[in-house]
Amino acid sequence: MSAVDAVSDSLKRMRAEFGDLEGGRPADYIPQLGLADPDAFGLALVSMDGHRYSAGEAETPFTLQSVSKPFIYAFVLSVLGLDEVSRWVGAEPSGDAFNAISLEPGTGRPANAMVNAGAIVTTALIPDTPGEPAFERILHCLGRFAGRELDVDEEVFTSESMTGDRNRALAYLIRSTGTLPVDPVLAVDRYFRQCAVRVTALDLATMAATLAYGGVNPVTRERVVSAEVAARVLAVMATCGMYDGSGEWLLRIGLPAKSGVSGGLIAVGPARFGLATYSPPLDATGTSVRGRAALGALSERYGLHLMLNPALPGSTVSLVTTADDLPSAPSAEHERVLHGKVGVVVAQGAIDFTAAERVLYALDESGADRSGSVVLDLHDVTSVDAVALPMLHTGLARLSSDGRRAAVVDPRDLLGPPELVREGTGQDLPRYATREAAVEGCAKALAGEG
Ligand code: GLU
């Protein structure tokens, strides 16, 4: 037994705890779905490192149904862009059931892409290309999210085609308002096919993890959609993914999610994990009863609620000091005086907006009397993102305009090549390979030798 089995263990525990939960029944308005095994219960989690964990029937195939909607929304956003897609479909919670006639008064736009009306439109917006008909493109895209080639359950597709008059009626209604770009019969046929794509709970967790990981599939490492598209899809999942139960879901469980009538359910921890469950009995909102219970318990016990962000410890800046406090400081009196005037800020880890603010604050606070020289040591920094980089450049530029001399320890050129640093900070920032050398350089400069 390895250490990480602890993660599988928590999924197994959820399965044991909620596997006997009574209530709900499998959807049967699509007759083929009514044949599902009501006792099947699979759970899966995929981490941002692409590690896969599962319990129970995590490899049992079932059809995507509405869990397909966020991924098709992602695809159409990638193809057409947000502004064009927004002309056709809105982003407001409908407060209605999945199959309601939620069309905006005036424009006729469906409320959002998570309800059937909106999903029929987003699917219809995907154009055929010369080499690849629209549905092939959809299937291919879903496969990239899952990290493997997927196929269609023809029996479920036929079953829904034969009984899906309400969706057909919806499509005609949308067409009559001018917000359906293709023939209603064709649109619904494509939508039913997309709903009948076959997956497992492990596939769903990988798909969810791809949204969590900014559009990159963490298992295959392939970029499927941009980080911006993934963020927008998560926003719509958070507000609309659970239909008329979306507010309550966000309140209690606090994760962007999407349910499907075959019993699949995904939840996304942005930058953290993708979770999925499969259990066919559904409650009145069309959500898997056991899936909801298990995800609710996981969220509560592991503190996964999106809005639950207790102040993080200030781990970005590991040391703010003056150089004479450093163990390597030399002992001669005059040198100690000089070293006392050199502030040292040691940063670590990945520097983003929040971390950059901490570093800049520490730079201001550093050094005796907040004056003299300051060394920013980036030796233990792993990355500086595109937002943090100009912040650091500007902060270092401000220091020098305040008359302070700054130097950096940046052995991996995280602040960029010298030309970029010159452009960003307006100066040739002295760079050193070690903290000792940087302090020595600053002390010499203070003594007028540098
Ligand atoms: N194919 C189903 C329908 O349109 C999907 C609904 C759902 O999963 O919520 O009725």
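Counting convention: from 1, in listed order, for ligands and their atoms alike.
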Side chain, backbone, both or neither: [X] near ligand 1, heavy atoms under 4.0 Å:
| X | result |
| --- | --- |
| Val261 | both |
| Asn99 | neither |
| Glu160 | side chain |
| Phe192 | neither |

**Request:** Can you figure out which of Ser262, Ala27, Ser66, Gly286 has its heavy atom closest to atom 5 (C) of ligand 1?
**Result:**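 Among Ser262, Ala27, Ser66, Gly286, the closest heavy atom to atom 5 (C) of ligand 1 comes from Ser66.
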**Message:** Within ligand 1, which atoms have a heavy atom of Cys195 less than 4.0 Å away?
**Reply:**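 Reading through ligand 1 atom by atom, the close ones are 1 (N).
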**Asked** Do Ile30 and ligand 1 have an N or O pair less than 3.5 Å apart?
**Response**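 No.
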**Request:** Decide whether an N or O pair under 3.5 Å exists between Ser259 and ligand 1.
**Result:**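 Checking ligand 1 against Ser259, no N or O pair falls under 3.5 Å apart.
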**Message:** Please verify the inter-ring angle class for Tyr278 with Phe62; under 30° counts as parallel, over 60° as perpendicular, anything in between as tilted.
**Reply:**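 Rings of Tyr278 and Phe62: parallel, under 30°.
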Hydrogens and angles aside, do [X] and [Y] bring a side-chain donor and acceptor to less than 3.5 Å of each other?
| X | Y | result |
| --- | --- | --- |
| Thr206 | Arg52 | yes |
| Tyr191 | Asn116 | yes |
| Thr285 | Asp283 | yes |

**Prompt:** Hey, are Arg301 and Glu17 close enough for a salt bridge, meaning a charged N less than 4.0 Å from a carboxylate O?
**Reply:**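 A salt bridge links Arg301 with Glu17.
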